[in-house]
Amino acid sequence: MVDAARARKLADRIQQIVAEMLERRVKDPRLGFVTVTDTRITNDLRDATVYYTVYGSDGERAETAAALESAKGIIRSEVGRQTGVRHTPSLTFVQDSLMDNAAHIDDLLAKARARDEEVAKAAQGAAPAGDANPYRTDDEPGESGELDETGDDKRGEAGHSSL
């Protein structure tokens, strides 16, 4: 096993190499607008998983997956050449569901905003059903701190505390 820092550095380097290869050297017409989002490598440095997103329809995503699968050999050989590791890790391309998750979260937030607006409209002219301050407690006798007609504290001598 190697330490996690070395594995992370190698994963980052593989991500850079794959992104450069897809941008400059792989000329497959099926390859859509691909973004490499993350790369993870096993602790023994034998297998690397490359996560990517594709902008486009489901058909374009499927074509891009096929293009990546066919270019896997040339990409792996370039990774081995540029990294210089003893054993070049095998590459697995996995479509990242980041865009789908982000769209789902945006939909949920839009629904929450719409419900908040409905509640705000319903509460606009409403008055509380009970007391305006339902958490107010009545003061116990002798704790009010009010003054009687003479200006003395209503608590009397028992209410004074000595410091």
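Fair warning: this is a prediction, and the values are worked out from it, not measured in the lab.
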Report task. List in chain and number order the residues that pass side chain to side chain donor-acceptor pair (under 3.5 Å) with S90, two or more places apart in sequence or in another chain; answer none if no residue qualifies. Result -> D47
Query raised in the report: Out of curiosity, L31 CG to E60 CD, how far, rounded to the nearest 0.5 Å?
Result: 11.5 Å
Requested in this report: Sort and list the pairs that fulfil salt bridge (Lys or Arg N to Asp or Glu O under 4.0 Å) and have at least one residue in residues 13-27, not counting sequence neighbours.
Outcome: R25-E78
**Report entry** Separation of T49 OG1 from R40 CZ (nearest 0.5 Å)
**Finding:** 8.5 Å
Query - Point-to-point distance, once rounded to the nearest 0.5 Å, from CD1 of I14 to CG of L45 - result: 8.0 Å
Query raised in the report: Do Y51 and V26 belong together in a cluster built from hydrophobic side chains that touch within less than 4.5 Å?
Result: no
Query - CA sep, side-chain torsions, deciding dist, call: V36, V50, side chain to side chain contact (heavy atoms under 4.5 Å, CB included) - result: CA-CA 7 Å; V36 178; V50 179; 3.7 Å; yes
Requested in this report: Check whether any side-chain heavy atom of F93 sits under 4.5 Å from a side-chain heavy atom of V18, and report yes or no.
Outcome: yes
Report task. Return yes if some donor-acceptor pair links the side-chain N/O of K72 with the main-chain N/O of T92 below 3.5 Å, else return no. Result -> no
Query raised in the report: Considering residues, nucleotides and ligands other than R8, do more than 12 of their heavy atoms fall under 6.0 Å from its CZ?
Result: yes
Query raised in the report: Got S70 and R30 here, is their nearest side-chain heavy-atom distance under 4.5 Å?
Result: yes
Requested in this report: Would you please test D58 and R61 for salt bridge (charged side-chain N to carboxylate O under 4.0 Å, His left out) and show each step?
Outcome: CA-CA 5 Å; D58 289 336; R61 291 177 187 167; 3.4 Å; yes
Query raised in the report: Between NE2 of H104 and OG of S97, what distance do you get to the nearest 0.5 Å?
Result: 11.5 Å
Requested in this report: Mind checking the NZ-CG spacing from K9 to D3? Nearest 0.5 Å is all I need.
Outcome: 8.5 Å
Report summary line: To the nearest 0.5 Å, atom CG of L22 lies from atom CG of L68 at 5.5 Å
Query raised in the report: So Q95 and T53, side chain to side chain contact (heavy atoms under 4.5 Å, CB included) or not? Walk me through it.
Result: CA-CA 6 Å; Q95 187 172 356; T53 59; over 6 Å; no
Query raised in the report: Below 4.5 Å, heavy atoms only, C-beta onward: do T88 and S77 meet side chain to side chain?
Result: no
Report task. Could you check I17 against T83 for side chain to side chain contact (heavy atoms under 4.5 Å, CB included), going step by step and ending with a plain yes or no? Result -> CA-CA 9 Å; I17 294 167; T83 57; 3.8 Å; yes
Report task. Answer yes or no: are there more than 12 heavy-atom neighbours, outside R46 itself, under 6.0 Å from its atom CZ? Result -> no
Report task. Please check if L10 and V94 belong to a single hydrophobic cluster, counting links between Ile, Leu, Val, Met, Phe, Trp and Tyr side chain heavy atoms closer than 4.5 Å. Result -> no
